[in-house]
Structures are given as C-alpha cells and as structure tokens.
Asker: 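Just passing along the structure, written as structure tokens.
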Number of protein chains: 2
Amino acid sequence: MATEPLPESRPRRRLSREPVLQTAISRADQGGLEALTMRSLADELGVAPMALYRHVASKEDLVDAMIDVVFGEIGLPSGGADWKNAMRQRAMSLRGVLARHRWAIGLMESRRSPGPANLRHHDAVIGKLRAAGFSVEMTAHAYSLLDSYIYGFALTKMNLPFDASDDIGAVAQSMLEPFPVNEYPNLVEFLSEHVLKPGYDYADEFEYGLDLVLDGLETARGGAA
Amino acid sequence: MATEPLPESRPRRRLSREPVLQTAISRADQGGLEALTMRSLADELGVAPMALYRHVASKEDLVDAMIDVVFGEIGLPSGGADWKNAMRQRAMSLRGVLARHRWAIGLMESRRSPGPANLRHHDAVIGKLRAAGFSVEMTAHAYSLLDSYIYGFALTKMNLPFDASDDIGAVAQSMLEPFPVNEYPNLVEFLSEHVLKPGYDYADEFEYGLDLVLDGLETARGGAA
DNA sequence: CCCCTGTGTGTATCACGTACACACTACGGA
DNA sequence: TCCGTAGTGTGTACGTGATACACACAGGGG
C-alpha cells in the first residue's frame with residue numbers, strides 16, 4: 001500500500017509574504033539586486049517561480065516592500081535627546097543600515113509608493129527638528145543636507161570597487177595600470193600617502209563629515225531659529 | 001540598368017565607437033538606463049544588434065565608456081581661483097552634469113575600470129586642494145565630504161519620484177492616500193508649509209548645503225592646516 | 001584584379017519576468 | 001462524513017534582453 005506513490009513529488013511547501021521578503025533581502029544583501037531573480041528566489045524557497053506571485057504583485061512590488069523593511073530598521077530619533085544627538089544617532093543608524101543593504105541605497109528615496117515605515121521615519125525626523133525649534137525652512141535645510149550627506153557617503157564609499165576584504169593596493173594598481181606612470185601624480189600621492197596607509201578605513205571619514213555638518217547646522221540655526 | 005537590384009536591402013550603415021556612445025548616452029538621458037537596450041540602440045543607429053559588438057565589448061563596457069564621457073563633462077577646478085571658489089564651481093558643474101545624466105549617479109564611483117577622464121578629474125581636484133595647503137588628511141576629509149554631499153544630493157533630490165514638471169501636490173497626496181489622515185502630522189505640515197508652497201524648488205537647497213559645507217571646511221582647515 | 005581583413009547580418013541560445021490555465025488542499029457547512 | 005469553494009502552488013509558454021557563432025560583404029593593398 002504505497003499511500004504516497006510519489007513521496008519525492010514536492011510536499012507543496014507553504015509560503016507567505018514574510019519569508020519571501022526576508023529571503024529576498026538576504027539574497028540582495030549577499031549578491032546585490034542583480035542576484036535577486038524571481039527564479040532563484042523561488043528556488044531558494046523551494047517553490048515554483050510563479051508561486052511568488054501569490055504573495056507579491058510583481059518584482060517591483062517586492063522591491064518596494066523590501067525597501068520598507070529596510071526603512072523599518074533605521075532607528076527613529078529618540079525623544080529624549082537633544083536634536084544634535086538625536087540626528088547623530090539617526091545618521092549612524094542609517095549608515096549602518098545602508099551598509100548592510102547596499103542594494104537599497106539608490107532606491108530608498110525614489111519609490112513612488114513609500115510604505116508606512118518610510119513615511120513614519122520621515123515624520124519622526126521632521127517632528128524632532130521642529131520640536132527642537134527649527135523653523136520649517138531650517139528643517140528643510142537640515143534634513144536635505146543630512147540625508148544628502150548620509151546617502152552620498154553610502155553611495156560613494158560603500159560602492160567603491162573594493163571593500164575591506166580586498167587588497168586595496170592591488171585594486172588601485174590595476175586601476176592605474178593602463179595609463180602612463182606619472183600621468184596622475186596627485187592621485188598617486190594621495191593613494192600612497194593616505195589610502196594605502198595601514199590604518200586606513202574609509203568608513204572613518206563618515207563621522208568627521210557628519211560632525212562638521214551638525215556643527216554647521218547648529219551655528220546656522222542660531223541665526224535663523 | 002538597375003545598378004542596385006535591392007536598393008532597400010540595407011545600405012550597410014557604417015558605424016564607429018563615437019556615435020554608439022553618444023546615442024547611448026542620449027537614450028539613457030531620456031529614458032534612464034533601463035531604456036538602453038542593445039537592441040533599441042542598434043535600431044536607432046540603423047544597424048543589427050550584433051554590429052554594436054564590433055565597437056564595444058559588452059554592455060558593461062559600453063556603460064563604462066559612457067561614464068567616462070560624463071566625467072569628461074565635469075569642469076575641472078580652475079587654476080586661478082582660490083580653493084573655495086574652485087570647489088564651489090566644480091560642485092555646481094558636477095551637480096549640473098548629474099542632473100543631465102541621472103542614470104550615471106549610482107555608477108560614477110563604482111566602476112572597476114575607471115577611464116582617463118575619471119582619473120584626471122580626481123587628480124585635478126586633489127591637486128587643487130593640496131596646492132591650497134590642505135594636508136593629505138584634510139584633503140581626504142574635504143573630498144569625501146564634498147563628493148558625498150554632491151552625489152547624495154543628486155541621488156536623493158533628483159531621484160525623487162517627481163520632478164519639476166509633475167504636480168507635486170498630486171504626487172504627495174497619492175503617497176499619503178493609503179494611510180489614515182493625521183497619521184503623519186509632521187510630514188503633512190512640512191509638505192503643506194514648505195514643499196507645496198509656490199516658489200519651492202528642491203534644487204535651491206543645493207547651494208545652501210554646499211556653502212555650509214565649504215564654510216565648515218574653511219574653519220576646520222584653519223585649525224588643521 | 002583578387003584576396004584579406006575588418007565590420008555588419010542572421011540565427012540561435014539562454015536567462016528573465018510573468019500571463020494563463022490547471023491542480024491541489026484545507027476548511028466550513030450540510 | 002463528505003463535498004464545494006477559495007486560496008495557493010505548478011507547468012507551460014511567451015516576449016524581451018544579452019550575446020555567441022558562422023557567414024556575407026566591401027574596400028584597400030598586393
């Protein structure tokens with residue numbers, strides 16, 4: 001009595017939206033957005049590709065949802081701290097989130113249908129600044145400057161063609177290889193005197209710029225508040 | 001004497017690398033990177049898709065070359081001006097270039113094989129700062145901060161889901177539509193009190209932040225130079 | 001004048017997103 | 001207890017993308 005004539009014939013794995021999102025994010029974290037295909041995602045989840053479409057409307061819908069999960073990971077500015085510390089903490093949190101989810105960097109601010117975590121986050125940041133006495137206009141200045149810097153840092157640094165695990169020297173050399181020696185003397189000096197120095201870590205730059213920006217905003221607010 | 005038995009049978013259009021690059025860039029400028037397919041590009045150039053591969057090694061090679069053309073459009077810091085004005089001009093130029101070529105924003109700093117225009121640009125900027133007396137370390141701070149801000153502004157502002165031609169009010173409304181009224185009071189206030197005001201133009205924010213950053217760098221250099 | 005090399009063409013392959021129709025399954029009512 | 005129905009997974013298929021391969025043509029040097 002073979003009650004199961006084909007035991008190997010898929011147990012018809014049960015899916016829901018959450019595992020789909022989590023698996024998609026972890027795939028993108030590891031291999032970038034181009035490693036996230038509906039087929040490979042379905043494969044990892046042990047279902048047929050079309051099964052995914054019962055839980056997401058399309059790949060774009062999937063990415064929208066992934067982005068909102070990412071927004072949810074950003075720490076909201078805490079109520080108690082002064083605005084500067086609150087903004088600093090939020091910036092560090094956002095930087096960490098973008099480092100974990102590089103694929104999201106170019107997408108966070110360009111979705112046509114932002115999710116609730118996205119809107120809640122913006123609402124909290126704006127609220128914190130307004131509560132600290134920033135005028136509407138000064139709030140716009142501050143938020144624009146801070147986010148430009150944070151996202152820009154993530155974009156330019158984290159997308160660099162090497163990361164901590166690479167041999168930066170080798171990468172730099174291969175980039176300059178095709179050109180005549182001494183064609184770019186300032187660049188070479190900069191690389192050898194700074195980037196290739198032992199303790200160098202691009203990520204350290206982040207806090208320098210962040211503090212410069214925050215100090216600048218504090219000064220500016222004094223005059224405009 | 002039908003010297004051309006099949007006049008309509010392709011005149012075998014002659015191609016070279018330059019028109020391929022220019023056409024590719026103009027397509028990407030208009031429709032974004034996703035509008036740039038080898039097929040449509042070949043179509044616009046009046047050749048078969050595979051003809052392109054005689055002039056570019058692959059689509060990635062094509063994009064690399066496009067990026068280097070874009071780098072070439074950025075004004076190098078002029079020799080005569082003081083560093084602050086030179087950096088300001090470069091920033092404005094870069095902002096303009098990124099506005100014309102939105103598709104390039106996420107790619108400019110992440111190519112594994114930077115072209116000559118790319119390297120020459122970095123060399124010139126670093127050279128200008130060093131010549132103005134910036135230490136190597138302070139040069140790193142300044143360049144990192146400036147580029148993060150410029151690219152970040154381009155990323156967060158120019159990628160916003162609306163541009164000058166859209167009805168911002170309508171877009172904002174449709175974004176908030178799915179959620180309960182008063183769910184995001186600070187965001188709503190900010191939108192109605194600032195973003196939706198008649199003269200609003202996000203691009204104006206750019207110079208505010210840029211000058212704040214430049215002033216901050218000037219102050220910092222005073223102590224560190 | 002002919003052949004060689006560089007460049008365009010046709011065709012084919014493989015990966016992707018996703019439409020469509022169908023199959024399975026669990027659950028609630030008769 | 002059994003069946004109908006709604007929800008969810010499956011197989012197949014199509015259109016579009018990048019691009020390999022072999023071939024066709026054209027124009028210049030011998």
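Quick note on labels: first sequence line is chain A, next is B, and so on, each numbered from 1.
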Asker: Determine, for A:R27 against A:D43, whether the closest basic-nitrogen to carboxylate-oxygen distance falls under 4.0 angstrom.
Answerer: no
Asker: Establish whether the base of C:dG17 is bridged to the side chain of A:R39 by a donor-acceptor pair shorter than 3.5 Å.
Answerer: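 A donor-acceptor contact between them is present.
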Asker: Please tell me which of the listed nucleotides, D:dT10, C:dG8, D:dA18, lies nearest to the side chain of B:Y53?
Answerer: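 Selected nucleotide: D:dA18.
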Asker: In whole angstroms, how far is the C1' atom of C:dC16 from the CZ atom of A:R27?
Answerer: 14 Å
Asker: Of the candidate nucleotides D:dT10, C:dA26, C:dG8, which contains the atom at the shortest distance from the side chain of A:R14?
Answerer: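 Closest nucleotide among those given: C:dA26.
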Asker: Is the closest basic N to carboxylate O distance between A:R120 and B:E183 below 4.0 Å?
Answerer: no
Asker: Between P on D:dG9 and CG on A:L52, what's the gap in Å once rounded to a whole number?
Answerer: 9 Å
Asker: Picking from D:dT10, C:dG17, C:dT9, which would you name as closest to the side chain of A:A48?
Answerer: D:dT10
Asker: Output the rounded distance in Å from CZ (A:R17) to P (D:dT8).
Answerer: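 It is 12 Å, rounded to the nearest whole Å.
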Asker: Could you state the atom-to-atom distance from CG of B:L33 to P of D:dA18 in whole Å?
Answerer: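 Between P of D:dA18 and CG of B:L33: 11 Å.
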Asker: Within less than 4.0 Å of OP1 or OP2 of C:dG8, is there a side-chain N or O belonging to B:H55?
Answerer: yes
Asker: To the nearest Å, give me how far apart CG (A:L15) and P (C:dT25) are.
Answerer: 16 Å
Asker: Any idea which of D:dA18, D:dA22, C:dC22 is nearest the A:R54 side chain?
Answerer: C:dC22
Asker: In whole angstrom, give the distance that lies between atom CG of B:L36 and atom C1' of D:dA18.
Answerer: 12 Å
Asker: Side chains of A:H141 and B:E205 only: does a donor on one sit below 3.5 Å from an acceptor on the other?
Answerer: yes
Asker: Is the backbone N or O of A:V125 less than 3.5 Å from a side-chain atom of B:N186, with the two atoms forming a donor-acceptor pair by type?
Answerer: no
Asker: Counting the atoms with a prime plus P, OP1 and OP2 as sugar-phosphate, which does B:M50 contact under 4.0 Å by heavy atoms, base, sugar-phosphate, or nothing?
Answerer: base
Asker: C:dA15 P sits how many Å from A:D43 CG, rounded?
Answerer: 12 Å
Asker: Taking A:Y208 for the side chain and B:A142 for the main chain, is one N or O donor matched with an acceptor at less than 3.5 Å?
Answerer: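 Not at all, since once roles are kept as given, no pair shorter than 3.5 Å links the two residues.
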Asker: Between C:dC14 atom P and B:M38 atom CE, what is the distance in whole Å?
Answerer: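 Taking CE of B:M38 and P of C:dC14, I get 20 Å after rounding.
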